[in-house]
**Student:** 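Here's a structure for you.
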Amino acid sequence: HNATHIPFRSWCEICVRGRAQDMGHFEVPKERSGVSKVLMDYGYTRDNEGKRDKMITFAGKPILGLKDDETGYVTANMIPKKGADPFAIKSMNRDIGKIMGHNKIILKSDQEPAILDLKNKFKKTGMIKVAMEESPVGDSQSGGSIENAMKQIQGMIRTYKLAVESKIKAEIPEEHPLIAWLVKHSAASLNRYHVGKDGMTAHRRLRGRNFKKEVVEFGESVWYLIPKSRGKNKIKSRWASGIWLGIREESGEAIIGTSKGVIKVRTVRRKGSDAERWDVSAIDAMVGTPWEPQPGVDSIEIGSKIKVREF
């Protein structure tokens, strides 16, 4: 249970503290209607009357959520800023085209200027054919599906953050790069483990099969097999230590954080004791964000090794 914290369990202190009010199921997805619809929104809290209160941010950076209306599959990314941010556009192309598998969609949002600007710039890339759709001003019911998904994701973010902090006995600051990866992992976990009223996960509806990859706890220090190290320098160890940040959806590879950047690997092994698994110094030294996995390298792609820059 500690690896996913899904489903919600009332006996689990971390579940209760993180999302005691977020126990509902996702809606059962709608029947296919020809062109797929993708919903998008920024993460917001609500006041007592159900109206938008304030945007959810970490160190000033908002969360952008997408939801496939047919399968219920969701993605979430912390982005550097609202509006037509380059990383937000690249992540939308990846999530909608590469992961959800769409080349033609109806893209629905509210009428917030920043999100309309992002939609227009995304459409202009031409990588996916887009028909625009907007919710009427003040009509919260029209966007209820994506808003419910964002609420679920926010609950998982709180839950996983509390889980890591309880293990390392320290608070993780909002600006730490771990938080940005936590946002992605929270949405991915809901897709993989949250069972809807139809008895299926969003991952199964999209992929046709359940997610069966072995996982460890987010933020745990693990041993990873250095990619492409077989047959090289047989005296030097082929294993290194890093922080487990989730599973890459496109390939099933583990995402590992290190003091030099974030990489993808095929093989990980858990360490022997809790003291080894929950390494505050390793978390503190970790660098790399989803919009810049390796600091100083202009690419959002996660590599299998750290590139050495020449000066």
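Atom set for the values below is all heavy atoms of this structure, side chains included, hydrogens, waters and symmetry mates excluded. In this text, all values refer to a predicted model and were calculated from it rather than measured experimentally.
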**Student:** Sort and list the pairs that fulfil salt bridge (charged side-chain N to carboxylate O under 4.0 Å, His left out) and have at least one residue in residues 113-134, not counting sequence neighbours.
**Tutor:**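 The answer is Lys37-Glu133, Lys108-Glu133, Asp117-Lys121.
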
**Student:** Find the distance between CG (Asp95) and OG1 (Thr75) and round it off to the nearest 0.5 Å.
**Tutor:**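 Spacing of CG (Asp95) from OG1 (Thr75) equals 3.5 Å.
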
**Student:** Sub-3.5 Å donor-acceptor pair from the side chain of Gln111 to the main-chain atoms of Ser135, do we have one?
**Tutor:**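 Indeed, once roles are kept as given, a pair shorter than 3.5 Å links the two residues.
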
**Student:** Mind checking whether Ser241 and Lys271 have side chains closer than 4.5 Å, heavy atoms only?
**Tutor:**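 A side-chain contact under 4.5 Å exists here.
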
**Student:** Taking side-chain hydrogen bond (donor to acceptor under 3.5 Å, both in side chains) as the test, write out the residues that go with Arg270, two or more places apart.
**Tutor:**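 For Arg270 the side-chain hydrogen bond (donor to acceptor under 3.5 Å, both in side chains) partners, ignoring immediate neighbours, are Glu220.
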
**Student:** To the nearest 0.5 Å, what is the distance between CG on Asp284 and CD1 on Ile168?
**Tutor:**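 Interatomic distance, Asp284 CG to Ile168 CD1, rounded to 0.5 Å: 9.0 Å.
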
**Student:** Please tell me if the side chains of Thr125 and Met92 come closer than 4.5 Å, counting only heavy atoms from C-beta onward.
**Tutor:**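 With C-beta onward as the side chain, the pair stays apart.
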
**Student:** If we ignore angles and hydrogens, is there a donor and acceptor under 3.5 Å between the side chains of Asp279 and Ser221?
**Tutor:**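 Judged by distance alone, the side chains do not pair up.
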
**Student:** Using a 4.5 Å cut-off on heavy atoms from C-beta on, say whether the side chain of Ile6 contacts that of Met156.
**Tutor:**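 Yes, side chains in contact.
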
**Student:** How are the rings of Tyr160 and His185 set to each other: parallel, tilted or perpendicular (split at 30° and 60°)?
**Tutor:**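 Because their plane-to-plane angle lies in the 30° to 60° range, the rings of Tyr160 and His185 count as tilted.
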
**Student:** Rounded to the nearest 0.5 Å, what separation is found between the CZ atom of Arg248 and the NZ atom of Lys213?
**Tutor:**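 Atom-to-atom, Arg248:CZ and Lys213:NZ are 12.0 Å apart.
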
**Student:** Residues two or more places apart in sequence or in another chain: which of them pass ring pair (Phe, Tyr, Trp, His ring centres under 6.0 Å) with His176?
**Tutor:**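 Testing His176 for ring pair (Phe, Tyr, Trp, His ring centres under 6.0 Å), a comparison that skips the adjacent residues, returns none.
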
**Student:** Taking 4.0 angstrom as the limit, do Glu217 and Lys167 come out as a salt bridge?
**Tutor:**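 Salt bridge flag = yes for Lys167 with Glu217.
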
**Student:** For residues Val164 and Ile172, report the shortest heavy-atom separation together with the two atoms involved.
**Tutor:**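 The answer is CG1-CD1, 3.6 Å.
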
**Student:** Counting only heavy atoms not in Met127, do more than 12 fall under 6.0 Å of its CE?
**Tutor:**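 Atom CE in Met127 is not packed in, count stays at 12 or less.
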
**Student:** Compare every heavy atom of Gln294 with every heavy atom of Lys260, then report the nearest pair and how far apart it is.
**Tutor:**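 So the two residues come closest at O-CG, 3.9 Å.
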
**Student:** Quick one: do Ile157 and Leu178 end up in the same hydrophobic cluster if we chain Ile, Leu, Val, Met, Phe, Trp and Tyr together by side-chain heavy atoms under 4.5 Å apart?
**Tutor:**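 Same cluster.
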
**Student:** Quick one: closest heavy-atom pair of Pro80 and Lys61, and the distance?
**Tutor:**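 Scanning both residues, the minimum pair turns out to be O-CG, 3.8 Å.
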
**Student:** Do Arg192 and Ile247 make a side-chain contact, defined as non-hydrogen atoms from C-beta onward lying under 4.5 Å apart?
**Tutor:**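 Yes; the side chains approach each other to less than 4.5 Å.
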
**Student:** Starting at CZ of Arg269, measure out to CH2 of Trp239 and round the result to the nearest 0.5 Å.
**Tutor:**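 Between Arg269 CZ and Trp239 CH2, I get 4.5 Å after rounding to 0.5 Å.
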
**Student:** Do side-chain atoms of His203 reach the backbone of Arg209 as a donor and acceptor pair under 3.5 angstrom?
**Tutor:**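 Yes, the answer is positive, given that a donor and an acceptor are paired below the 3.5 Å cut-off.
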
**Student:** Applying side chain to side chain contact (heavy atoms under 4.5 Å, CB included), run through Thr201 and Tyr193 and close with a yes or a no.
**Tutor:** CA-CA 6 Å; Thr201 62; Tyr193 306 112; 5.7 Å; no

**Student:** Measure the shortest side-chain to side-chain distance between Thr258 and Tyr224 over non-hydrogen atoms and say whether it is less than 4.5 angstrom.
**Tutor:**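 Yes, close enough: below the 4.5 Å cut-off.
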
**Student:** Going only through I, L, V, M, F, W and Y residues with side-chain contacts under 4.5 Å, is there a path from Val287 to Val280?
**Tutor:**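 Looking at the clustering, Val280 is in a separate group from Val287.
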
**Student:** Which pair of heavy atoms, one from Ile179 and one from Pro173, lies closest together, and at what distance?
**Tutor:**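 Minimum heavy-atom separation between Ile179 and Pro173: CG1-O, 3.7 Å.
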
**Student:** For residues Phe122 and Ile63: do they belong to one hydrophobic cluster (side chain heavy atoms under 4.5 Å, members Ile, Leu, Val, Met, Phe, Trp, Tyr)?
**Tutor:**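 Phe122 and Ile63: one cluster.
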
**Student:** Using a strict threshold of under 4.0 Å (side-chain N to carboxylate O), is an ion pair present between Arg205 and Asp198?
**Tutor:**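 Looking at Arg205 together with Asp198, the answer is yes, because their closest N to O distance falls below 4.0 Å.
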
**Student:** What closest approach, in Å, do Gly257 and Leu245 show between heavy atoms, and which atom pair accounts for it?
**Tutor:**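 The pair with the smallest heavy-atom distance is N-CD1, 3.7 Å.
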
**Student:** If I compare all heavy atoms of Leu118 with all of Ala88, which pair ends up nearest, and what's the gap?
**Tutor:**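 Closest heavy-atom pair between Leu118 and Ala88: CD1-CB, 3.9 Å.
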
**Student:** Side chains of Asn120 and Met132, heavy atoms from C-beta outward: is any pair under 4.5 Å?
**Tutor:**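 SC-SC contact between Asn120 and Met132 confirmed.
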
**Student:** Between atom CD of Gln152 and atom OG of Ser189, what is the distance when rounded to the nearest 0.5 Å?
**Tutor:**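 Rounded to the nearest 0.5 Å, the CD-OG separation comes to 12.5 Å.
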
**Student:** Could you tell me if the side chain of Ile300 sits less than 4.5 Å from the side chain of Arg94, heavy atoms only?
**Tutor:**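 Yes, their side chains come closer than 4.5 Å.
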
**Student:** Quick check on the hydrophobic clustering: are Trp291 and Ile89 connected, directly or via other members, by side-chain heavy-atom contacts under 4.5 Å?
**Tutor:**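 Linked within one cluster.
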
**Student:** Does one hydrophobic cluster hold both Leu162 and Val216, with members joined at side-chain heavy-atom distances below 4.5 Å?
**Tutor:**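 No, Leu162 and Val216 fall in different hydrophobic clusters.
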
**Student:** Thinking salt bridges, do Glu249 and Arg207 make one under a 4.0 Å N-O criterion?
**Tutor:**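 Yes, Glu249 and Arg207 are salt-bridged.
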
**Student:** Which one of Val222, Ile302, Ile256 satisfies the side chain to side chain contact (heavy atoms under 4.5 Å, CB included) criterion with Val265?
**Tutor:**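 Exactly one candidate clears the test, Ile256.
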
**Student:** Where do Lys184 and Ile255 land on the side chain to side chain contact (heavy atoms under 4.5 Å, CB included) test, with the steps shown first?
**Tutor:** CA-CA 11 Å; Lys184 291 175 68 68; Ile255 303 170; 5.5 Å; no

**Student:** Could you check if a side-chain atom of Asp85 sits within less than 4.5 angstrom of a side-chain atom of Leu64, using non-hydrogen atoms only?
**Tutor:**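 Heavy-atom side-chain distance check fails, nothing below 4.5 Å.
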
**Student:** Just by modelled atom types, is the Val74 backbone N or O under 3.5 Å from a matching donor or acceptor in the Asn191 side chain?
**Tutor:**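 Checking the backbone N and O of Val74 against the side chain of Asn191, a donor-acceptor pair under 3.5 Å is found.
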
**Student:** Under the criterion side-chain hydrogen bond (donor to acceptor under 3.5 Å, both in side chains), I'd like the reasoning laid out for Ser145 against Lys67: C-alpha separation, chi angles, the key distance, then a yes or no.
**Tutor:** CA-CA 8 Å; Ser145 179; Lys67 180 177 180 180; 2.7 Å; yes

**Student:** Taking atom CZ of Arg158 and atom OG of Ser186, what is their separation to the nearest 0.5 Å?
**Tutor:**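 Here the interatomic distance stands at 10.5 Å.
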
